Amino acid sequence: MSDPATFYDAVREEAGTVLIGNEEVLRGLSMAALTRGHVLLEGVPGVAKTTIANLFARTSGLEFNRIQMTPDILPADITGTHIYRDATGEFELQRGPVFANVVVADEINRATPKTQSALLEAMQERAVTIEGETLSLPDPFMVIATQNPIEMEGTFALPEAQRDRFQLKLTVDIPDRGGERELLDRFDTDPDLGPASVSQVLSPADIAEARAGVVDVHVADPVREYILDLVRATRTSPDVEYGASPRASLAFLNAGKASAAISGREYVIPDDVKALAHPILRHRLVLSTDAELGGETVDELVTGFLDAVPVPEEINEEEMLPREQSVE
């Protein structure tokens with residue numbers, strides 16, 4: 001399976017036997033997996049944040065580990081350590097839960113900054129260092145962190161360096177009345193319905209092939225300039241203390257290609273970029289003091305940037321394709 005669109009459809013259809021709604025979250029997880037990205041999920045308790053991550057891993061055939069982040073968890077609890085074995089008289093490496101394809105850091109903002117930083121090397125380098133020894137992590141590898149926006153007591157805000165390492169921040173919403181009614185009906189029929197109910201429909205090899213399809217997607221110069229204009233707007237706005245980094249520009253490029261491929265296109269269009277603006281920028285921008293006092297939100301500012309930055313004029317399909325293809 002080398003078609004990213006088929007990859008996403010398979011995940012969506014199988015996960016949909018349990019999950020109600022939140023297709024955009026599944027789409028975001030698929031884009032991240034196809035571009036080696038990491039995802040931050042935010043939502044109130046009980047909206048199935050961890051369940052969504054588990055469903056994605058199970059349908060994709062990926063090994064899944066969940067870490068419940070608490071103030072007393074230590075970095076070694078995540079990465080692993082060497083344990084002395086009396087039977088052999090030697091130290092043995094005990095790998096931590098970070099050694100999995102999909103690692104869910106549940107309620108990441110409840111862990112201390114020291115422990116949160118244990119994920120930094122893993123997210124960027126796809127490796128961890130344990131007592132001087134650097135060990136590679138499985139491939140694919142992605143971190144899906146969850147956080148609750150309404151309970152701030154006893155939490156630690158994520159460092160800016162770590163927030164920037166998440167390709168996307170996705171919001172998991174409460175279902176509408178119709179969706180919640182369907183939830184009641186499904187669980188009334190099958191009280192044990194959950195991630196264990198879905199089947200594996202993909203494999204890590206399928207993901208590797210689908211990634212190759214994403215790499216081949218073309219990004220025309222006008223679209224590249226549009227990405228740069230959007231990111232630049234975040235750096236020059238008086239309402240933003242710290243704008244988006246070059247990593248945000250790369251997130252637009254990579255996730256935009258994945259979005260196009262999932263949609264069955266060989267090229268990125270401005271609408272791909274616009275749809276990704278909130279997930280890519282909402283966790284990266286630091287508001288100015290005046291903006292915070294004025295009650296501005298990051299999402300409102302991003303909407304303003306989308307309204308203010310000119311969208312490339314209509315480009316025909318031939319211009320969107322790579323030059324060698326358009327000539328043909």
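In this text the structure is predicted, and so the values were computed from the model without any measurement.
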Between [Y] and [X], is there a side-chain donor-acceptor contact under 3.5 Å, judged purely by atom types and distance?
| X | Y | answer |
| --- | --- | --- |
| Gln200 | Thr59 | no |
| His218 | Glu266 | no |
| Asp9 | Thr6 | no |
| Glu107 | Gln147 | no |
| Arg27 | Ser259 | yes |
| Asp164 | Ser245 | yes |
| Asp72 | Thr70 | yes |

If you draw a 6.0 Å radius around OH in Tyr242, do more than 12 non-hydrogen atoms from other residues or ligands fall strictly inside?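 Atom OH in Tyr242 is not packed in, count stays at 12 or less.
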With a 6.0 Å cut-off (strictly less than), is the heavy-atom count around CD1 of Ile174, excluding the residue itself, greater than 12?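 It does not: Ile174 CD1 has 12 such atoms or fewer within range.
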Sub-3.5 Å donor-acceptor pair from the side chain of [X] to the main-chain atoms of [Y], do we have one?
| X | Y | result |
| --- | --- | --- |
| Thr303 | Asp299 | yes |
| Arg163 | Leu158 | yes |
| Asn65 | Pro97 | yes |
| Thr234 | Ala244 | yes |
| Glu300 | Thr297 | yes |
| Gln116 | Phe156 | yes |
| Glu209 | Asp3 | no |
| Arg186 | Thr17 | yes |
| Ser237 | Ala233 | no |
| Asn101 | Pro140 | yes |

Residues Asp272, Arg265; criterion salt bridge (charged side-chain N to carboxylate O under 4.0 Å, His left out); working and verdict: CA-CA 11 Å; Asp272 292 318; Arg265 278 181 279 105; 2.8 Å; yes
May I ask you to decide whether Asp185 forms a salt bridge with Arg181, counting only side-chain N to carboxylate O separations under 4.0 Å?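 So Asp185 pairs with Arg181 through a salt bridge.
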State plainly whether the residues Arg211 and Asp139 are in salt-bridge range, i.e. N to O under 4.0 Å.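 Salt bridge present between Arg211 and Asp139.
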Is the shortest side-chain heavy-atom distance between Tyr226 and Val268 below 4.5 Å?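 No, too far: nothing below the 4.5 Å cut-off.
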Tell me, do Leu228 and Arg232 make a side-chain contact under 4.5 Å, heavy atoms counted? no
Decide whether Met69 and Ile52 are clustered together by the hydrophobic rule: side chain heavy atoms of Ile, Leu, Val, Met, Phe, Trp, Tyr closer than 4.5 Å, transitively.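 In one cluster with Met69: Ile52, no.
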Do Leu202 and Ile262 belong to the same hydrophobic cluster, where Ile, Leu, Val, Met, Phe, Trp and Tyr are linked whenever their side-chain heavy atoms lie under 4.5 Å apart, directly or via other members?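 Linked within one cluster.
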Would you please name every residue forming a side chain to side chain contact (heavy atoms under 4.5 Å, CB included) with [X], sequence neighbours left out?
| X | answer |
| --- | --- |
| Asp173 | Thr171 |
| Ser117 | Leu120 |
| Arg85 | Ile83, Thr88, Glu92, Gln94 |

